[in-house]
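Computed from a predicted model, the values in this text were never measured in an experiment. For the single chain, residues carry numbers from 1 onward in sequence order.
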Amino acid sequence: MPPVSDLIAQSAARSCVVHRKIAGAISRTPVIASRLPMAEGTRLFYKTENFQHTGSFKLRGASAKLTTVPLDRPVITASSGNHGIACSRAAQTTGHELIVVLPETVVAKKRKTIEGFGTKVVIHGSDASLSERHAQALAEAEGYTYISPYNDAEVIAGQGTAALELLDQIEGIDTVFISMGGGGLISGMGSVIKEFSPQTRVIGVSAANSCALAASIKAGKIVETDHLDTLADGVAGGVDEGSLTLPMASAVIDKIVYCDEEQIAAALKVLAWEENMLVEGAAALALAAYLAEPQKYAGQTSAVLLCGGNYEVAQLRSIL
């Protein structure tokens with residue numbers, strides 16, 4: 001593996017190339033100013049990937065990757081939901097045969113959306129990390145091309161295109177809050193930010209109930225953690241051994257914040273009642289970190305990446 005500084009520079013450069021290549025497949029999602037009361041000189045913006053075509057940022061990475069896979073190669077992936085939806089839409093466009101392995105805990109709405117594209121679905125494992133291992137085993141046994149939700153240079157570069165847009169849409173960003181799952185989003189966006197706006201701080205936000213990447217960064221190696229139920233199901237699960245995202249995320253993240261289920265639920269309410277936006281728990285997770293210590297960001301310009309809006313209606317209704 002090349003030095004991490006080279007990985008970050010290469011990923012940022014690749015994001016620029018990928019952004020032009022997938023421009024017709026994705027939406028340049030809007031940046032919306034917060035309505036929350038703030039101290040003078042304080043600005044908070046949302047990069048609304050919940051308004052992306054598939055309801056999450058994952059379409060960026062899926063589109064980037066599938067453009068590199070020959071059409072005669074069937075592909076398989078694993079997902080907690082959003083990556084599977086994104087790959088399904090991208091494969092429908094490219095014509096690839098696709099299988100998506102989902103965990104038993106997948107949100108019903110996400111599974112239904114995936115199947116609505118005509119994608120073959122396999123249910124395996126109690127969390128996304130177990131689904132990933134099963135998909136990898138199937139790929140090896142059946143000769144499919146495996147597409148990792150996060151541990152892939154093209155996928156990471158695709159996710160980084162969200163940061164290219166964000167930096168173009170807002171000047172002088174002091175801090176960006178990004179939810180952490182397997183690390184593809186924060187590695188891709190973080191690489192772009194550190195390459196083109198190095199003064200901007202990257203805050204990685206981890207769900208306390210499923211924090212494999214955060215624990216791995218702290219340990220300096222991939223470690224296993226318990227994966228408890230979390231409202232931020234989109235970031236639940238483990239990280240592959242040898243994943244590109246561990247060294248990349250470790251290098252681009254300035255601070256990690258852990259948020260519990262009460263904080264995520266509170267952020268969901270703020271987004272619904274104060275900002276007029278319904279999002280999924282993984283998106284609210286990023287805002288929860290800002291809301292935990294807003295005084296730290298007074299007088300600054302902050303951006304929260306709302307990673308997705310594919311919520312479970314019954315779950316969200318019970319919270320709101």
Side-chain angles (χ1 to χ4, degrees), residues 4 7-8 11 47 49-50 56-58 60-61 79-83 127-129 132 148-152 155-156 158-160 162-163 166 175-194 200-241 243-261 263-264 267 279-293 302-308:
V4 67
L7 283 176
I8 291 168
S11 186
K47 175 63 171 167
E49 285 298 290
N50 50 309
S56 89
F57 74 93
K58 292 284 191 178
R60 297 174 182 273
S79 172
S80 59
N82 284 336
H83 176 68
D127 64 61
S129 59
E132 288 171 29
S148 172
Y150 54 87
N151 185 23
D152 183 282
V155 170
I156 292 170
Q159 319 306 25
L166 178 62
T175 309
V176 178
F177 296 81
I178 304 171
S179 298
M180 297 166 53
L185 177 62
I186 201 163
S187 295
M189 289 190 67
S191 294
V192 168
I193 290 167
K194 293 306 178 184
T200 300
R201 299 182 75 233
V202 174
I203 307 297
V205 192
S206 182
N209 277 9
S210 188
C211 53
L213 180 58
S216 297
I217 291 172
K218 183 177 181 180
K221 62 181 181 179
I222 300 296
V223 298
E224 292 290 335
T225 62
D226 292 332
H227 298 292
L228 306 177
D229 288 342
T230 175
L231 293 170
D233 62 276
V235 297
V239 183
D240 284 344
E241 190 68 43
S243 176
L244 289 167
T245 57
L246 177 56
M248 292 180 71
S250 298
V252 301
I253 293 173
D254 294 290
K255 180 182 179 181
I256 294 175
V257 176
Y258 297 83
C259 292
D260 60 28
E261 296 304 292
Q263 290 174 300
I264 299 170
V279 301
E280 59 187 275
L285 173 63
L287 177 60
Y290 177 89
L291 295 176
E293 299 179 297
S302 300
V304 170
L305 193 286
L306 296 180
C307 58

Please name the pair of heavy atoms, one in [X] and one in [Y], separated by the smallest distance, quoted to 0.1 Å.
{"X": "Ala282", "Y": "Val235", "value": "CB-CG1, 4.0 Å"}
{"X": "Ala283", "Y": "Leu306", "value": "O-CD2, 3.7 Å"}
{"X": "Glu132", "Y": "Pro149", "value": "OE2-CG, 4.2 Å"}
{"X": "Asp240", "Y": "Tyr150", "value": "N-OH, 2.8 Å"}
{"X": "Ser187", "Y": "Met248", "value": "OG-CB, 3.7 Å"}
{"X": "Ile256", "Y": "Ile253", "value": "CG1-CG2, 3.8 Å"}

Under the side chain to side chain contact (heavy atoms under 4.5 Å, CB included) rule, collect the residues that match up with Lys47, sequence neighbours excluded.
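Per chain and number, Lys47 pairs via side chain to side chain contact (heavy atoms under 4.5 Å, CB included) with Thr29, Val31, Glu49, Arg60, Glu165, Leu166, Gln169, Leu305.
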Does the pair Ile193 and Val176 meet the rule for a side chain to side chain contact (heavy atoms under 4.5 Å, CB included), with working shown?
CA-CA 9 Å; Ile193 290 167; Val176 178; 4.0 Å; yes
Could you tell me the separation between the [atom1] atom of [X] and the [atom2] atom of [Y], rounded to the nearest 0.5 Å?
{"X": "Ser80", "Y": "Lys58", "atom1": "OG", "atom2": "NZ", "value": "6.5 Å"}
{"X": "Ile8", "Y": "Ile156", "atom1": "CD1", "atom2": "CD1", "value": "10.5 Å"}
{"X": "Asn151", "Y": "Thr245", "atom1": "CG", "atom2": "OG1", "value": "6.0 Å"}
{"X": "Asp229", "Y": "Asp127", "atom1": "CG", "atom2": "CG", "value": "10.5 Å"}
{"X": "Cys259", "Y": "Asn209", "atom1": "SG", "atom2": "CG", "value": "11.5 Å"}
{"X": "Cys307", "Y": "Leu285", "atom1": "SG", "atom2": "CG", "value": "7.5 Å"}

Evaluate the criterion side chain to side chain contact (heavy atoms under 4.5 Å, CB included) for residue pair Val202 and Lys194; output intermediate values, then yes/no.
CA-CA 9 Å; Val202 174; Lys194 293 306 178 184; 4.0 Å; yes
Between the side chain of [X] and the main-chain N/O of [Y], is any donor-acceptor distance below 3.5 Å?
{"X": "Ser206", "Y": "Tyr258", "value": "no"}
{"X": "Asp254", "Y": "Ile203", "value": "no"}
{"X": "Glu261", "Y": "Leu231", "value": "yes"}
{"X": "Ser11", "Y": "Leu7", "value": "no"}

Run the salt-bridge test on Lys255 and Glu293 with the 4.0 Å N-O cut-off and return the result as yes or no.
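Salt bridge flag = yes for Glu293 with Lys255.
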Sorted by chain and number, sequence neighbours left out, ring pair (Phe, Tyr, Trp, His ring centres under 6.0 Å) with Phe177 holds for Tyr290, Tyr297
Show me the donor-acceptor pairs within less than 3.5 Å that the side chains of residues 212-226 make with the rest of the protein, sequence neighbours left out.
| unit_1 | atom_1 | unit_2 | atom_2 | d |
| --- | --- | --- | --- | --- |
| Ser216 | OG | Ala212 | O | 2.8 |
| Ser216 | OG | Val223 | N | 3.1 |
| Glu224 | OE2 | Arg133 | NH2 | 3.0 |

